[in-house]
Amino acid sequence: MTERLAHAAGAAIVVGLGTVDPALVADPLRGRAKFVASPQPGDLAAAAGAIVRADAVVDRTLLGRMPNLRVLARTGVGVDLVDVAAATERGIAVVITPGSGTSAVAEAVVGMALHLAKRFGPLTDLVRSGGWARRHQVAVGDLEGATIGVVGYGRIGQRVGELARAFGMRVLAYDPVTIPPDDVRCARLSDIAASSDVITLHAPLTEATRHLVDGRFLSAVKPGALLINCGRGALIDADAVLNALLAGQLSGVGLDVFEREPPAHHPLFDHPDVVLTPHLMGLSRRATAATFADAARGVADVLAGRRPAALANPAWTPAPPSDDRLADGERS
């Protein structure tokens, strides 16, 4: 279908890039756009908007096949696979949904910390294998009284801090961009390494933060610390993390994200004090519904000539509505 035909039918075309449940975007788009979950080349060519999953690659080549695109909305905040510069050159708004998965991810961090500190994995295996008599050989830790170091103190990092305090933990934070309050702020990343019993990563992925957790960082970590990464996979050097775990510098590792997804098997995955999840912790049932609705709402805003709540390219400015029906609908 061409854009002209779509307009004749009275609705702009919005496509899903990656798996998008139509039911989760229906309400914000109802009466405003037609959603196509499995777009064909003609749908891509006609599309005024797109809802983009985390694993969908949006590069210059794809954008070239979507000449009428005005807005793409990421279900989440990571735009590692989106060519934001190319989109911005074409006047395309890149919507992100920063608040919808905040609590879900923060809960996952605390859940992984509990799993690792309480040694749930090894103790489950012990009971299953009939090793009850060996239970005292497994050291069980506590969160109360421990220090959690938060690297990246945005929405998720702050929520982690709130939850950690409920467990009686001391909170430290390092973020050179979003400056933490004085009572938690560490001026140097090395201070987090040296002082924290649990280290959790929530920094954005940039050239400066790629492999932020490397051999040098881990050599300064408090012996026996837990490392949790529910941020960006490439924040850690997996080889260095495995070496630190085998040497006892780390006592446990929790990963929801990986440098390449899906990841190739790594020896780190086989360690009994490692817990792994498939980049799913921000997609609890409640968070999934919220992030898809927020993404669809952002698309509807742009097509109606409004500025959406959050953008990966904040210099973008609204253009007039993409069709008269949308504009009429907003005035009614």
Side-chain angles (χ1 to χ4, degrees), residues 18-21 24 51-56 73-82 95-117 120 143 146 148-167 169 171-175 177-178 180 184 192 196 198-206 209 212-213 226-236 241 252-259 261-263 274-295 298 309-310 312:
T19 303
V20 178
D21 183 347
L24 296 179
I51 296 175
V52 184
R53 294 300 304 273
D55 57 353
R74 255 287 282 120
T75 54
V77 296
V79 289
D80 307 356
L81 300 182
V82 176
V95 173
I96 52 176
T97 57
S100 52
T102 295
S103 288
V105 176
E107 289 173 11
V109 170
V110 175
M112 286 184 171
L114 279 169
H115 178 98
L116 295 166
F120 288 153
L143 296 189
I148 186 167
V150 183
V151 180
Y153 206 61
R155 289 179 178 86
I156 295 173
Q158 291 174 41
R159 182 59 177 158
V160 169
E162 292 171 359
L163 297 179
R165 289 187 187 95
F167 281 88
M169 301 182 79
V171 178
L172 298 177
Y174 171 80
D175 192 324
V177 178
T178 304
V184 300
I192 290 282
S196 302
V198 180
I199 298 170
T200 177
L201 306 178
H202 304 286
L205 180 61
T206 66
T209 62
L212 182 72
V213 176
L226 302 176
L227 174 67
I228 298 170
N229 188 11
C230 290
R232 291 287 172 264
L235 293 174
I236 71 164
V241 169
V253 176
L255 302 176
D256 182 51
V257 290
F258 305 87
E259 188 156 4
E261 296 183 353
V274 171
V275 59
L276 306 168
T277 52
H279 202 163
L280 203 61
M281 292 298 97
L283 292 175
S284 64
R285 288 189 295 271
R286 187 173 184 175
T288 296
T291 194
F292 279 93
D294 286 350

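Here, residue 1 is the first one in the sequence, and each next residue gets the next number. Just so it is clear, the structure is predicted and the values come from calculations on it, not from any experiment.
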How close do Gly149 and Ile192 get, heavy atom to heavy atom, and via which atoms?
CA-CD1, 3.9 Å
Shortest non-hydrogen pair, Tyr153 vs Pro180, comes out as CD2-CB, 3.7 Å
Do Ile148 and Leu172 have side chains that approach each other closer than 4.5 Å (heavy atoms only, starting at C-beta)?
no
Val151 and Asp175, any side-chain heavy atoms less than 4.5 Å apart
no
Quick one: does Ile228's side chain get under 4.5 Å of Ile199's, heavy atoms only?
no
Could I get the full list of salt bridge (charged side-chain N to carboxylate O under 4.0 Å, His left out) partners for Arg232, not counting sequence neighbours?
Asp80
The side chain to side chain contact (heavy atoms under 4.5 Å, CB included) partners of Leu276 (sequence neighbours excluded) come to Leu255, Phe258, Phe269, Val274
Distance from Asp256 atom CG to Met281 atom CE, nearest 0.5 Å?
5.5 Å
Residue list, salt bridge (charged side-chain N to carboxylate O under 4.0 Å, His left out) with Glu162, at least two apart or on another chain
Arg159
Do any side-chain atoms of residues 96-114 form donor-acceptor pairs under 3.5 angstrom with protein atoms, and if so which ones, sequence neighbours left out?
| residue | atom | partner | partner atom | Å |
| --- | --- | --- | --- | --- |
| Thr97 | OG1 | Arg74 | O | 3.4 |
| Thr97 | OG1 | Gly76 | N | 2.7 |
| Thr97 | OG1 | Gly76 | O | 3.4 |
| Thr97 | OG1 | Thr291 | OG1 | 2.8 |
| Ser100 | OG | Thr97 | O | 3.3 |
| Ser100 | OG | Thr291 | OG1 | 3.1 |
| Thr102 | OG1 | Pro98 | O | 3.2 |
| Thr102 | OG1 | Gly99 | O | 3.3 |

Any heavy-atom pair between the side chains of Leu212 and Ile236 that's under 4.5 Å?
no
Contact between Val20 and Phe292 at the side-chain level, heavy atoms closer than 4.5 Å - yes or no?
yes
Could I get the full list of side chain to side chain contact (heavy atoms under 4.5 Å, CB included) partners for Val257, not counting sequence neighbours?
Asn229, Glu261, His279
When rounded to the nearest 0.5 angstrom, what distance separates CG in Leu283 from OG1 in Thr277?
10.5 Å
Expected output: side-chain Thr288 to main-chain Arg285 donor-acceptor under 3.5 Å:
no
Arg286 CZ: over 12 foreign heavy atoms closer than 6.0 Å:
no
Applying side-chain hydrogen bond (donor to acceptor under 3.5 Å, both in side chains) to Thr200 and not counting sequence neighbours gives His202
So do Val52 and Thr75 actually touch side chain to side chain, heavy atoms under 4.5 Å?
no
Side chain to side chain contact (heavy atoms under 4.5 Å, CB included) assessment of Val213 paired with Leu227
CA-CA 10 Å; Val213 176; Leu227 174 67; 4.0 Å; yes
